[in-house]
Amino acid sequence: MMSPHWNLAMNIEPSSEGLALAHCRQHFLLGPRGPLFPYRLLQAQGLPVLVEHMLGSFDGGPVRLLELESPVEVEGCSWRTLRQLMLESDAKTFQLLGYATQIGTWARQHRFCGSCGAPMMLLPGERAMHCAQCEEQYYPRLSPSMIVLVTRDDEVLLARSPRFAAGVYSTLAGFVEPGESVEQCVMREVREEVGVEVRHLRYIASQSWPFPHSLMLGFHAEYAGGEIVLQPEEIEDARWFSLADLPPLPSKYSIARYLIELYRARRLGFEEPLLPS
Ligand SMILES: NC(=O)C1=CN([C@@H]2O[C@H](COP(=O)(O)OP(=O)(O)OC[C@H]3O[C@@H](n4cnc5c(N)ncnc54)[C@H](O)[C@@H]3O)[C@@H](O)[C@H]2O)C=CC1
Ligand SMILES: [Mg+2]
Ligand SMILES: [Zn+2]
C-alpha cells in the first residue's frame with residue numbers, strides 16, 4: 001500500500017508561508033499550476049473566506065484550506081469539481097484534495113450547533129467544533145459504506161448507475177444504516193439493488209472516499225441464488241461479466257476497481273494490483 005506523502009499536523013506554527021487550497025462545495029480553484037497556490041497570493045485576493053484550516057504539510061511545507069462562501073471568479077483561474085480533479089491528478093494530490101474537501105464540508109456544515117443553534121468554536125489542537133452552551137463536540141462526519149464484488153466462479157456481477165460515465169460498470173455499494181452491521185448492509189444492498197442473495201462474505205480492504213465523506217469497506221461475496229432484478233432509479237443495468245471480457249471500469253483510484261482487479265488476478269493467476277491509498 002502506498003503511504004501518504006503529506007502528514008496531518010495541525011500545530012504547524014502560524015505564518016504566511018506555505019501553500020493553500022481554495023474550496024467551495026466539492027469544487028477547487030484551479031490556477032495555471034494546479035489547485036495549490038502560494039498562501040500569500042490567495043490571501044491577497046480578498047476572497048470571501050468562511051473558515052480557514054491548517055491541513056498539514058505537503059512536500060515539506062504547510063498547506064492551508066480556505067473554505068469559501070461562494071465560488072468567486074479569480075482572474076486567470078477556474079473552478080473544477082473534485083471528480084474532474086481525480087481524473088487529472090496524481091495519487092498524492094488526489095489524496096490531499098479528498099482530505100481537504102472533507103474538512104471543508106464539515107467546517108461549512110458545523111459553524112452552528114445543531115442542537116441549540118449557537119455559533120461554535122474550533123477546539124484548540126483538535127479537529128472538532130465545540131458548542132460552549134451544550135458542551136458538545138462535533139467531529140468531521142464519516143459515513144461507513146459497504147462495497148462488494150459479487151462473484152460466480154469466473155464471472156462477476158457489475159452494475160451501472162444512471163450517474164456513471166457512458167459504458168462504465170462497477171461493483172455494488174451502499175451506506176450502512178443505523179442498527180445494522182456492515183455484513184447485514186452487504187446482504188441488504190445486494191438484495192435491494194439487484195435482487196440476488198450472497199454468501200461467504202470476505203472483507204478485503206477499506207478506503208476513504210470523499211464523495212462526500214464515505215469510509216468504504218470492501219468485500220468479495222459469492223453468489224448464492226436469485227435472478228437479477230434491477231432496483232428502479234438506482235440501477236440502470238446489471239449483468240454477469242466474464243473475467244476475460246470486462247467492460248470499462250471506474251477510476252484507478254477507486255476501491256471498486258481494486259476489488260475487481262484483485263479477484264481477476266487471483267482467479268486467473270495474474271500479479272495482484274496495489275490498493276489505492
Ligand atoms: N470508492 C469507490 O470505489 C466507490 C465508492 N462509492 C461510494 O459509496 C457510497 C454509497 O454508494 P451509493 O450507491 O451512492 O449508496 P446507496 O446505494 O446507499 O444509495 C444512495 C442513496 O442512499 C441514501 N442515503 C442513505 N444514507 C446516506 C448517507 N449517509 N449519505 C448520503 N446518502 C445516504 C440517499 O438517498 C442516497 O441517494 C457513496 O459515497 C459513493 O460515492 C460507490 C461506488 C464506488
Ligand atoms: Mg448503491
Ligand atoms: Zn449547542
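In each ligand, atom 1 is the first atom listed, and ligand 1 is the first ligand listed. Along the sequence shown, the residues carry numbers beginning at 1.
For atom 37 (O) of ligand 1, no protein heavy-atom neighbour is found at a distance under 4.0 Å. Of the protein's heavy atoms, none falls inside 4.0 Å of atom 34 (C) of ligand 1. Inside a 4.0 Å radius of atom 26 (N) of ligand 1 there is at least one protein heavy atom.
Polar contact with ligand 1: present for F175 (N/O pair, distance under 3.5 Å). Considering backbone and side-chain N/O of M216, none are found under 3.5 Å from N/O of ligand 1. Not a single N or O atom of P212, backbone or side chain, sits closer than 3.5 Å to an N or O atom of ligand 1.
Seen from the Zn ion (ligand 3), atom SG on C113 and atom SG on C116 lie at an angle near 110° (rounded to 10 degrees).
For residue A173, an N/O/S atom approaches the Mg ion (ligand 2) to within less than 2.8 Å. For residue E193, an N/O/S atom approaches the Mg ion (ligand 2) to within less than 2.8 Å.
Here the heavy atom of the protein found nearest to atom 44 (C) of ligand 1 is I147 CD1, 3.4 Å. Ranking protein heavy atoms by distance to atom 14 (O) of ligand 1, first place goes to R163 NH2, 3.8 Å.
Seen from the ring of F211, R83 counts as a face-on cation partner, given the 6.0 Å and 45° thresholds.
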